[in-house]
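Taking it in order: structure first as structure tokens, then the write-up.
Residue numbers start from 1 in every chain, and the chains themselves are labelled A, B, ... in the order their sequence lines are given, proteins ahead of strands. Small disclaimer: the values here were computed from a predicted structure and weren't measured. In what follows, every heavy atom counts, from backbone to side chain, and hydrogens, waters and symmetry copies are set aside.
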Amino acid sequence: MRQVTPTEGTLLTAADLAGNGVHGDDPDVHGKFGIFGGRYVPEALIPALDEVAAEYDRARNDVAFLREFDHLLRTYAGRPTTLTEVPRFAEQAGGARIILKREDLTHTGAHKINNVLGQALLTKRLGKKRVIAETGAGQHGVATATAAALMGLECVIYMGAVDCERQALNVARMKLLGATVVPVHNGSKTLKDAINEAFRDWVTNVDSTHYLFGTIAGPHPFPEIVRDFARIIGVEARRQMLELTGALPDAVCAAVGGGSNAIGIFHAFIGDQNVALHGYEAGGRGLETGEHALTLTAGSVGVLHGSRTYVLQDEEGQTIESHSISAGLDYPGVGPEHAWLKDSGRATYHGITDAEAMEAFALLARTEGIIPAIESSHALAGALKLGRELGPEATILVNLSGRGDKDMGTAMKYFNL
Amino acid sequence: MTTLQTVFAKAKADERAALVGYLPAGFPTKDGAIAAATAMVEAGCDVIEIGLPYSDPLMDGPTIQDAVHRALTNGTRIADVLRTVEGVAKTGAATLVMTYWNPIDRYGAERFARDLADAGGVGTITPDLTPEESGPWRQASADAGIDTVFLVAPSSTEERIQAVADCCTGFVYAASLMGVTGARDSVSSAAQGLVERTRAHTDLPVCVGLGVGNGRQAAEVAGYADGVIVGSAFIRRILDAPDEASGLAAVRELGAELAAGVRA
Ligand SMILES: Cc1ncc(COP(=O)(O)O)c(C=O)c1O
């Protein structure tokens with residue numbers, strides 16, 4: 001059983017990060033969560049991955065590191081983030097209580113900042129002066145550019161050309177923050193191709209550069225490190241739920257792209273068997289159209305971007321291009337820990353179509369005065385459905401992973417605003 | 001069928017390095033790949049690596065990405081890869097498949113090893129399969145009687161070189177530089193050191209790839225390695241040619257230059 005209930009004002013502890021063998025669900029020495037995870041990368045990158053893993057192992061047991069991370073989370077990122085109950089929105093959810101974890105209120109506007117600050121500190125410990133990152137919605141790119149500006153690191157962001165267009169505002173933000181944004185014109189011109197290009201940069205510049213990976217996918221140790229730095233979301237939310245309602249929620253809902261915001265809020269609840277964990281993937285135009293990003297729901301086990309996990313692939317192992325109205329969920333892979341949680345039955349994953357997500361997006365804006373990210377709107381739409389299933393007695397915690405300012409271009413088109 | 005062992009024994013007897021050429025199946029067309037690889041053999045390549053086109057080639061530079069994209073666009077499938085191997089093996093060159101791991105994983109390791117052996121292939125190079133994950137593939141390959149080649153890199157520690165070499169049969173692939181595939185103006189100075197370090201861990205031949213593109217570079221690498229691997233430079237000749245016939249001529253010309261290089 002885990003006992004991670006730090007009180008307000010106490011310093012982040014090593015146990016708040018998942019390490020130290022406190023939890024039985026760290027990956028094994030090869031980075032495996034059951035059959036998932038591991039490392040499928042060119043040998044040239046193995047020493048760099050080993051170096052990152054070893055430094056992270058030292059860092060998470062180093063009080064000075066934890067203190068610095070904690071300080072940044074409080075004084076720069078704006079943690080702890082609040083909970084907000086949304087009763088007018090919940091009227092559409094059969095009267096169930098819906099409570100949002102407000103990651104949209106963090107600096108830069110999404111949960112990505114938590115992981116980025118942790119890894120930027122790690123970059124300094126590694127003695128590296130340059131960071132690279134992939135980005136889909138641009139939120140991870142903005143967060144990385146932000147941390148790079150804060151810490152005086154050179155920053156290059158790879159972003160699919162399609163995503164550059166639909167998230168133009170974030171491209172401008174990254175540039176203003178001093179980052180170089182490289183549009184990627186290969187393949188589907190979205191997140192998966194940006195990741196390929198970032199790996200090519202890393203293998204070429206690995207001596208000077210840390211690959212600041214943005215989600216819990218990729219080769220070991222990224223799935224573990226990114227989870228641990230995002231884990232604060234659930235650690236806070238679990239304590240806040242107990243304070244606010246006197247009990248744990250019946251269910252926790254989160255959107256799943258690569259899976260970082262979902263694992264961030266799920267992880268502290270994994271030991272609470274009465275708390276159901278629900279992940280929502282992008283259903284795009286619908287499963288039957290083939291235009292979706294339903295990796296866990298409709299994919300099969302394979303290897304993508306260095307990790308064994310569920311993948312959207314054809315019968316010969318070629319990656320199938322995903323589709324979603326939300327750039328952050330438009331990815332044909334998923335973090336190996338989610339694959340493991342799915343197969344073990346501890347978490348359940350569902351699809352939400354573009355239309356359902358956009359409806360929830362507009363509903364939250366109108367009923368509660370909060371404009372969510374389209375990614376997060378998938379979790380909101382999931383909570384509406386779940387509330388109707390569970391009934392008025394249920395309490396549902398939703399990770400509002402980001403704010404919707406970046407999505408106004410898409411919304412203007414979609415709603416003819 | 002020519003095995004890797006006979007190729008390297010013969011090259012050694014001739015006091016030269018072996019020449020290894022790479023080309024993706026399906027590039028420039030399905031039949032064009034067989035024709036181009038055959039031209040490479042006729043010009044002097046001892047070993048041919050047939051690339052299995054994959055949607056996410058994350059260790060390849062722009063030239064191979066471009067070729068692979070064309071191959072996938074013209075509908076190249078694993079059956080075509082095997083057919084290409086069959087066609088090339090008939091020339092008498094030892095023929096390997098170079099592939100990212102996922103296509104084999106999905107096809108089934110045992111089935112792929114068997115089908116490759118049946119097509120006359122002598123082994124595989126799997127650049128993203130690490131020793132830790134390679135057990136099932138090495139078993140399947142041993143059962144089918146084909147070789148397994150893995151990569152070492154300039155960044156590899158002594159322990160890693162040992163672990164990789166222990167998984168190899170046929171030869172060890174030494175990546176000359178930290179980076180993606182593609183011809184370079186000069187061969188990385190890291191290559192020779194890596195070959196020497198690798199020799200301390202294995203008696204297998206050590207071949208150098210990444211960045212070799214002309215006869216002078218081939219001669220330089222042949223001075224310390226057992227084999228010289230060239231891919232992007234061949235592809236570049238085909239990409240730059242106005243038509244298939246002149247592409248083949250350019251491939252022959254480069255092949256002859258490289259073959260002279262490994263004999264210099
Ligand atoms: C606000 C927001 N939520 C969710 C995601 C999806 O990523 P993940 O599944 O890693 O949380 C993104 C990615 O860009 C995002 O910006």
Ala44(A) to Ser155(B) - nearest heavy-atom pair and separation
O-OG, 2.8 Å
Counting C-beta onward and ignoring hydrogens, is there a side-chain heavy-atom pair between Asp314(A) and Arg77(B) closer than 4.5 Å?
yes
Contacting region of Leu177(B) [heavy-atom separation from chain A under 4.5 Å]:
neither
Heavy-atom count around Glu158(B) CD within 6.0 Å, excluding the residue itself: above 12?
yes
Out of Asp128(B), Val164(B), Leu72(B), which one racks up the most heavy-atom pairs below 4.5 Å with chain A?
Asp128(B)
Tell me the closest heavy-atom pair linking Arg308(A) and Trp101(B), and the distance in Å.
NH2-NE1, 3.8 Å
I'd like to know if the side chain of Ser55(B) reaches the main chain of Gln318(A), judged simply by a donor and an acceptor atom lying under 3.5 Å from each other, with no hydrogens or angles considered.
no
What are the two closest heavy atoms between Gly38(A) and Glu133(B), and how far apart are they?
CA-OE2, 3.7 Å
Determine yes or no for a side-chain-to-main-chain donor-acceptor pair under 3.5 angstrom, with Asn102(B) supplying the side chain and Gly317(A) the backbone.
yes
I need the residue from Leu151(B), Leu129(B), Ile78(B) with the largest number of non-hydrogen atom pairs under 4.5 Å to chain A.
Ile78(B)
Where does Ser300(A) contact chain B at under 4.5 Å (heavy atoms): side chain, backbone, both or neither?
side chain
Heavy-atom proximity to chain A below 4.5 Å, by part of Val152(B):
backbone
Using the test ring-ring contact (aromatic ring centres under 6.0 Å, His included), find all partners of Tyr173(B) that sit at least two apart in sequence or belong to another chain.
none
Is Glu43(A) reaching over with its side chain to a backbone N or O of Ala153(B), donor-acceptor style, under 3.5 angstrom?
no
Checking heavy-atom separations under 4.5 Å from chain A, one finds in residues 105-116 of chain B Asp105(B), Arg106(B)
Pro103(B) portion near chain A, given a 4.5 angstrom heavy-atom threshold
both
Could you pull out the closest heavy-atom pair between Asp60(B) and Arg200(A), with the gap in Å?
O-NE, 2.9 Å
Check whether Glu321(A) gets within reach of chain B through its side chain, its backbone, both or neither, counting any heavy atom under 4.5 Å.
neither
Answer with side chain, backbone, both or neither: which region of Pro42(A) has an atom nearer than 4.5 Å to a non-hydrogen atom of chain B?
both
Atom group of Pro53(B) that falls short of 4.5 Å from chain A, counting heavy atoms:
backbone
Look only at the side chain of Thr130(B) and the backbone of Arg39(A), and say whether a donor-acceptor pair between them is shorter than 3.5 Å.
yes
Got more than 12 heavy atoms from elsewhere within 6.0 Å of CG, Asp240(B)?
yes
Strictly less than 4.5 Å between heavy atoms, which residues of residues 210-223 of chain A line up against chain B? Please order them by number.
none
Ignoring hydrogens and angles, tell me if any N or O in the side chain of Glu132(B) forms a donor-acceptor pair with the backbone of His30(A) under 3.5 Å.
no
What part of Asp201(A) gets within 4.5 angstrom of chain B, counting heavy atoms only: side chain, backbone, both, or neither?
neither
Please list all pairs passing the ring-ring contact (aromatic ring centres under 6.0 Å, His included) test where one or both residues lie in residues 294-330 of chain A, with sequence neighbours left out.
Phe36(A)-Tyr310(A), His305(A)-Tyr331(A)
Between CE of Met59(B) and CG of Leu45(A), what distance do you get to the nearest 0.5 Å?
9.5 Å
Is chain A contacted by the side chain of Asp66(B), its backbone, both, or neither, given a heavy-atom distance below 4.5 Å?
neither
Heavy-atom pairs under 4.5 Å with chain A are the metric here; pick the option from Gly61(B), Pro154(B), Pro127(B) that has the most.
Pro127(B)
